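For reference, the structure is listed below as structure tokens.
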Amino acid sequence: MKIFIDTANIDKIKEIHSWGILDGVTTNPSLIAKEGKDLKTVVAEIAEIVDGPISAEVISLDAEGMFNEGMELSEIHRNINIKLPMCIEGLKATKALYNEGIDVNMTLIFSAQQALLAAKAGARYISPFIGRLDDIGHVGMDVVAEIMDILDNYDFDTEVIAASIRHPLHVSQAATIGVHIATIPYDILKKMAAHPKTDEGIEAFLADWEKTKNL
Ligand code: E4P
């Protein structure tokens, strides 16, 4: 499974990149707003750090506006893909960008039916939001599994990005069902790397090693 980080924070991206496990980055308008810099500056900075797909989201709500924003953002760097919200205008813009050879990440996917339409329109990535489905009493991972089953039946070039991840278990569950990519917040990546038994084990090994100094 490819691992993306879901943030626009440069320090966090640098830190996770230094682990040697980072394949790409997703941003969204809320994440960009937290950084106090404009979208183009942030994604250009990210592209200097990570050599992999970087999602930059448009804010237009009509297909023409989405397409124009997408074309402009795609010029920043060859690794930029255009994040479009799932809606009919978004589908039209996805097809238009696909025809220009530009990758789209169709976001805000909450059902298998939406995912099927996004794949049909030519989205390179589709992002089902697991945590936000869980929040309203659905099982987000079941929707992701259904999407994976549908894609397996056909020959789409679409990869699923497990998005809106809220805890480490979401990541391992997504990997178990073969999801192509998980976009993971910084804090959850840190939690994934940690285990109290590992800390306990390191401490015990070091304590025992200290004892050998008196031999
Ligand atoms: C996906 O690309 C989105 O940026 C993100 O995963 C949304 O997550 P949230 O529901 O925690 O805001």
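Whatever order the structure lists ligands and atoms in, that order sets their numbers, starting from 1. Being a predicted model, the structure only gives us computed values, none of them experimental.
At least one N/O-N/O distance between Arg166 and ligand 1 falls below 3.5 Å.
Among protein heavy atoms, atom 5 (C) of ligand 1 sits closest to Asp6 OD2, 2.9 Å. Protein heavy atom nearest atom 8 (O) of ligand 1, with residue, atom name and distance: Ser164 CA, 3.4 Å. Given atom 7 (C) of ligand 1, the protein heavy atom at minimum distance is Phe129 CE2, 3.5 Å.
The side-chain heavy atoms of Ile49 and Val25, taken from C-beta on, include no pair separated by under 4.5 Å. Here the side chains of Glu15 and Lys190 are in contact, with some heavy-atom distance below 4.5 Å.
Of the candidates Val104, Asn68, Leu84, Leu84 is the only one forming a side-chain contact (heavy atoms from CB on, under 4.5 Å) with Val58.
Taking all atoms of both residues into account, the shortest heavy-atom contact from Gly90 to Met66 is CA-SD, 3.5 Å. Annotation for Ser55 and Lys83: closest pair CB-CD, 3.9 Å, computed over non-hydrogen atoms.
Which parts of ligand 1 touch Lys83 is read off a 4.0 Å heavy-atom cut-off, strictly below it: atoms 1 (C), 2 (O), 3 (C), 4 (O). Atoms of ligand 1 found under 4.0 Å from any heavy atom of Asn28 (numbered from 1 in listed order, with element): 3 (C), 4 (O). Each of the atoms 7 (C), 9 (P), 10 (O), 12 (O) of ligand 1 lies under 4.0 Å from some heavy atom of Arg132.
Taking CD1 from Ile184 and CG from Leu189, the interatomic distance works out to 4.5 Å, rounded to the nearest 0.5 Å.
Residue contacts with ligand 1 for Ala163 involve both N, CA, C or O and side-chain atoms from C-beta outward (heavy atoms, distance under 4.0 Å).
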